[in-house]
Amino acid sequence: EEILREGSQVVPQSQVLIGNLINLYVDRKQTKEAIEYLQQAISRNPTAQLYNVLGSVQESAGDLDNALINFNKAIQLDENYVDAIANIGRLYYNQGVKIEEEAMDTKDPAKKKEMDTQKNDKIRQALPYFEKAYELNMEDPQVQTMLRQTYYRLGQADPKFKMKHPELSRGDF
């Protein structure tokens, strides 16, 4: 750990050293340390990748507001950074799925209807991020799956993607 910390201070642009140190903290379940170190690394060398990793660590810790802020900072630095774009979509999508799961336990029909609307709103928020990620990297199977699932959940297939990319409309919608 000490060698990685020292090395990343000497060579702050080394994504390998920083990445290995962050992975070490995450593996040890030292989320606080990972976040603190990422913030220090960002202060020395702010990159889209570091903001994206910080957002991912914060998301895994349940800090969705700050995760979203950092994913957006990554996109501000690199507007075509597919990982951060897809992470925002995934964050909204997962919020929608969580609301859907909570709605299943609701016995009140009015509350269930309200929660279904909230779920669809969150999943709709995910859609433009998944579409952009797909447009930037059409070959990524994870991005294809995320977009396909979003269309499926919303019950809407975008004709542009169906005509241009038939693999996304294999009758799944």
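Reckoned from all heavy atoms, side chains included, excluding hydrogens, waters and symmetry mates.
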**OP:** Assess whether atom CD of Gln142 is packed by more than 12 heavy atoms of other residues, nucleotides or ligands within 6.0 Å.
**Re:** no
Subject >> Considering all heavy atoms, the nearest Tyr51-Pro46 contact >> reply: CE1-CB, 4.1 Å
Original post:
Side chains of Tyr151 and Glu131: is there a donor and an acceptor less than 3.5 Å apart?
Top reply: yes
**OP:** Indicate the atoms forming the closest heavy-atom contact of Gly55 with Ala67, along with that distance.
**Re:** O-CB, 3.2 Å
Original post:
Under the salt bridge (charged side-chain N to carboxylate O under 4.0 Å, His left out) rule, what pairs show up with a residue in residues 54-77, not counting sequence neighbours?
Top reply: Glu59-Arg90
Original post:
When rounded to the nearest 0.5 angstrom, what distance separates CG in Leu50 from OH in Tyr37?
Top reply: 9.0 Å
Original post:
In terms of hydrophobic clustering (I, L, V, M, F, W, Y; side-chain heavy atoms under 4.5 Å; direct or indirect links), are Ile99 and Ile88 co-clustered?
Top reply: no
Original post:
Can we say Glu100 and Arg153 salt-bridge, meaning some charged N sits less than 4.0 Å from an Asp/Glu carboxylate O?
Top reply: yes
Original post:
Does any donor atom in the side chain of Asn70 or Asn52 lie under 3.5 Å from an acceptor atom in the other side chain?
Top reply: no
Subject >> Considering all heavy atoms, the nearest Ala133-Val143 contact >> reply: C-CG1, 3.6 Å
**OP:** Supply the members, apart from Met104, of the Ile/Leu/Val/Met/Phe/Trp/Tyr cluster built from side-chain contacts under 4.5 Å; use none for a lone residue.
**Re:** none
Subject >> CD (Glu79) with more than 12 external heavy atoms under 6.0 Å >> reply: no
Without placing hydrogens or testing angles, list every side-chain donor-acceptor pair under 3.5 Å for residues 107-116, not counting sequence neighbours.
{"unit_1": "Asp108", "atom_1": "OD1", "unit_2": "Ala110", "atom_2": "N", "d": "3.1"}
{"unit_1": "Lys112", "atom_1": "NZ", "unit_2": "Ala103", "atom_2": "O", "d": "3.1"}
{"unit_1": "Glu114", "atom_1": "OE2", "unit_2": "Gln118", "atom_2": "NE2", "d": "3.3"}

Original post:
Which atom pair, heavy atoms only, marks the closest approach of Tyr129 to Ile85?
Top reply: O-CG2, 3.1 Å
